[in-house]
Amino acid sequence: MKKKKTAPASKAPTLQKPLTKKKLLLFKVIAILLPLFFLILIEIGLRLFGYGHDLRLFIEDTKDKHYLALNNYVSLKYFTDSINATVGNYELFKKKKNYETVRIFVLGESTTQGFPYNYNGSFHRWLKYRLMRTFPKKNFEIINLSLTAVNSYTVLDFAKGIIGYEPDAVLIYVGQNEYYGALGVGSTSNIGNNVHLVRLKIKLREFRLVQLINSTLNGIKKMFSGKKASLHQRLIQRMAADQNIPYQSGKYERGIRQFETNMNDVCQLLSKKKIPVFISNLVSNEKDLKPFISDTSDKNRSADYQFKLAGQAYMKGDFKLAKQLYVQSKDMDLLRFRAPEAMNFVIHKITSKYPGVYLVNTKALFEQHSPHGIIGKETILEHVHPNLFGYALLSDAFYQSMKQKGFITLQGKQEMSFEQLLEQMPLTKVDSLKGAYYVERMKKDWPFNEPKTGEFKVENSFEGNLANKVVLKKIHWYTAMYLLLEHYEQVNDWKEAFRVAEGGVLEFPYDIRTYLTAAQIANNINNNEQVAFYLGKAFQLEPDFDKAQKLFFLYMKLDQPELSIFYLNYFINNSNSKSTAEKTKETVMQIITLKDKIKTDSTNVDALNSLATIYLKISYKEIAMKYVGKALEKDPGNKNSLEIMKEIKTSSLPNGKSSVR
């Protein structure tokens with residue numbers, strides 16, 4: 001019997017080996033990194049093709065790579081619409097900071113920038129001028145990083161950015177723009193209420209890809225909405241989205257929390273880095289500005305009603321109640337262009353929380369200079385911006401706080417007083433008129449809407465016409481200053497010409513030409529102290545034999561041999577011909593020794609006579625006369641003194657032309 005053939009068994013299917021854990025992890029990592037890799041490629045491509053902007057805080061100066069300045073594009077990180085992005089000051093500072101330099105960064109908004117005067121009207125320039133005159137050997141780099149229409153978000157971001165640039169101190173005045181400044185809770189550039197998410201978005205905007213996405217989305221939004229930002233509206237109006245934010249409402253409280261969170265982190269960061277921080281409280285026009293928008297539904301919440309009651313109390317002489325009601329009226333104003341008092345409470349709380357963080361009590365100083373302690377038009381131009389006297393006060397508040405906390409130590413130096421600062425600060429008539437013209441025009445528009453009282457009139461003068469051209473943007477401020485200097489030179493008004501030249505020094509502190517111009521004009525008015533000061537500053541920038549020689553003879557002529565010796569030493573240390581200079585040094589050291597004797601004993605007639613004799617020998621007859629005169633005051637019959645006096649009167653040597661070379 002045959003066996004039945006059976007079909008061959010089909011081959012069993014081969015089973016795939018399961019992925020190992022390592023391979024599975026690798027695939028997951030690749031799946032995650034691949035999109036990131038493509039994003040990086042796109043970012044690199046956009047940068048290579050020059051799309052977007054470099055949003056670093058500082059950039060190299062185009063003329064000199066040894067200096068840095070604020071990046072003009074940095075504000076694009078904070079404004080959703082580039083048309084609103086503002087530009088700050090272009091103030092140079094050295095990449096490599098030397099031991100003689102005191103570097104101070106200034107953070108804030110339009111008040112901190114000096115609006116509407118800007119340039120030398122800003123409080124930081126008042127402060128710099130005062131420090132420069134009090135400490136002539138120091139180089140004060142006070143770099144103002146303020147921007148118009150920003151708030152605490154920008155201040156925090158800038159604070160992070162300045163740490164690596166060796167700041168000796170940071171000065172802050174911020175809080176007026178917390179609601180309508182860039183990224184504020186009531187602004188058109190608001191991108192959310194979560195502070196930490198907003199900060200993340202600010203960081204992401206540094207990437208070109210994110211800039212491309214933002215630009216595309218904004219373009220689509222404008223295309224479908226059909227709306228374009230009106231350039232006829234001022235920035236103040238374009239930024240204010242929610243113009244009704246009631247007192248103590250949810251949005252009001254979010255603004256306070258936003259400010260407190262950001263400023264707390266600013267102070268914590270800088271305090272940890274042991275960088276002194278000086279934060280000012282805020283001042284606003286309380287008495288001489290009606291509320292912008294008032295609640296009409298409830299009298300008790302009406303800013304207008306509180307303002308009316310304040311005026312009545314003021315007229316009755318109840319100034320304590322009047323101040324309370326004026327402040328209450330400001331806080332109830334629905335249009336939040338003036339910081340509520342809650343902001344000052346936050347500032348006071350934070351400055352007492354961290355070591356090295358100090359309160360600058362500007363408000364108290366403004367109240368001292370306001371009738372009955374109620375801040376108004378005496379110091380404030382409109383709602384929050386000080387007039388020139390107000391900016392001087394703001395600088396004094398910072399100066400006094402820095403001195404009180406030991407940041408400024410005089411050590412026997414004679415400081416420039418506030419009264420001297422007011423008199424000597426190099427602000428021109430063009431500066432003051434420019435500010436006045438700008439504010440007068442601004443008050444005709446929203447939100448002030450002041451009634452027109454007639455055609456705006458420009459002062460019929462050279463300065464008035466220049467100021468008006470600056471306001472209308474027909475010429476730049478720099479051009480105006482150049483034309484003004486030229487005008488004063490032509491009419492031989494050297495006092496005002498010197499004021500313009502000093503202003504140039506503040507604006508261009510690393511341009512040696514500004515110092516030499518100031519020195520030359522000071523020489524035209526025979527002000528040797530100013531010649532020596534500005535020539536000395538020029539020497540600090542570019543030392544050479546010619547300046548050293550001039551400064552030596554200037555300080556000898558001013559009877560300040562202790563200062564002249566520095567320049568004589570420079571000559572000795574850098575010259576091949578030292579013998580004459582070394583003999584001169586012996587003579588100068590004799591003078592210094594004799595002057596020290598007189599400091600301890602002003603009745604020492606022999607020392608006075610010796611001084612007179614030496615000064616006469618080197619042909620400084622006026623100084624010789626001064627000392628022999630003092631000797632004769634002490635001893636009218638002193639034969640030696642009388643002989644020296646006779647010799648001075650008969651001397652044929654020209655005064656001030658030393659025979660010691």
Side-chain angles (χ1 to χ4, degrees), residues 56-58 68-71 74-75 78 88-89 91-94 97 101-114 122-128 130-131 138-147 150-178 181 199 259-282 343 346-362 391 394-409:
R56 287 176 300 165
L57 182 57
F58 298 117
L68 297 171
L70 181 66
N71 183 355
V74 71
S75 65
Y78 317 109
N89 292 7
E91 297 183 326
L92 300 179
F93 64 99
K94 291 180 180 178
K97 177 182 158 192
T101 296
V102 178
R103 180 171 293 168
I104 300 170
F105 287 111
V106 181
L107 306 178
E109 46 207 20
S110 59
T111 297
T112 323
Q113 202 176 23
S122 168
F123 91 86
H124 84 293
R125 291 283 173 82
W126 288 84
L127 180 62
K128 178 168 182 172
R130 191 176 190 178
L131 290 172
K138 287 283 185 183
N139 174 38
F140 287 93
E141 288 182 336
I142 307 185
I143 307 111
N144 196 332
L145 305 179
S146 306
L147 295 171
V150 299
N151 54 34
S152 61
Y153 279 117
T154 303
V155 168
L156 173 60
D157 201 40
F158 279 17
K160 293 174 182 176
I162 63 177
I163 287 172
Y165 295 92
E166 303 177 81
D168 293 295
V170 178
L171 315 183
I172 301 175
Y173 185 95
V174 70
Q176 301 285 16
N177 289 348
E178 210 55 37
R199 292 179 191 174
F259 180 72
E260 182 167 8
T261 304
N262 287 333
M263 293 309 298
N264 184 78
D265 289 357
V266 167
C267 295
Q268 187 179 54
L269 172 70
L270 297 176
S271 179
K272 277 185 179 178
K273 297 293 180 180
K274 300 190 184 311
I275 300 169
V277 186
F278 295 86
I279 305 180
S280 171
N281 50 19
L282 304 166
M343 297 292 189
V346 168
I347 292 167
H348 282 246
K349 184 169 72 171
I350 291 174
T351 50
S352 63
K353 189 175 178 181
Y354 297 101
V357 178
Y358 308 113
L359 172 69
V360 177
N361 200 349
T362 298
Y391 278 119
L394 183 54
S395 78
D396 190 45
F398 275 96
Y399 179 84
Q400 297 302 337
S401 183
M402 291 162 75
K403 193 167 70 168
Q404 183 185 357
K405 299 304 177 183
F407 183 80
I408 298 170
T409 52

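- Residues satisfying the ring-ring contact (aromatic ring centres under 6.0 Å, His included) criterion with Tyr173, sequence neighbours excluded, are absent altogether.
- With sequence neighbours excluded, the residues forming a side chain to side chain contact (heavy atoms under 4.5 Å, CB included) with Lys94 are Tyr67, Asn98, Arg103, Glu141, Tyr510, listed by chain and number.
- Phe398 and Phe123 have parallel rings, their planes meeting at less than 30° on a 0 to 90° scale where 60° marks the start of perpendicular.
- Applying the salt bridge (Lys or Arg N to Asp or Glu O under 4.0 Å) test to every pair with at least one member in residues 263-281, sequence neighbours left out, gives these pairs: Arg199-Asp265.
- You'll find the side chain of Phe407 reaches within 4.5 Å of the side chain of Asp168, heavy atoms only.
- Side-chain atoms of Thr351 never come within 3.5 Å of backbone atoms of Val357 as a donor-acceptor pair (strictly under, hydrogens ignored).
- Minimum heavy-atom separation, Val106 to His124: CG2-CB, 4.1 Å.
- A pairwise comparison of heavy atoms in Leu145 and Phe158 identifies O-CE2, 3.1 Å as the closest pair.
- Phe93 contributes atom CZ, which lies 9.0 Å from atom CG of Leu70 (distance to the nearest 0.5 angstrom).
- To the nearest 0.5 angstrom, Asn177 atom CG is 4.0 Å from Glu109 atom CD.
- Remark: side-chain polar atoms of Asn144 are paired, donor with acceptor, to backbone N or O of Thr112 under 3.5 angstrom.
- Summarising the geometry of Ser122 relative to Gln113, their closest heavy-atom pair is CB-O, 3.5 Å, with the distance given to 0.1 Å.
- Checked against Thr362 for a side-chain contact (heavy atoms from CB on, under 4.5 Å), the options Ser395, Ser280, Ser401 give a single hit: Ser280.
- A side-chain donor-acceptor contact under 3.5 Å links Asn264 and Tyr354.
- Distance check: Ile347 CD1 to Leu282 CG gives 4.0 Å after rounding to the nearest 0.5 Å.
- Side-chain atoms of Asn71 come within 3.5 Å of backbone atoms of Arg56 as a donor-acceptor pair (strictly under, hydrogens ignored).
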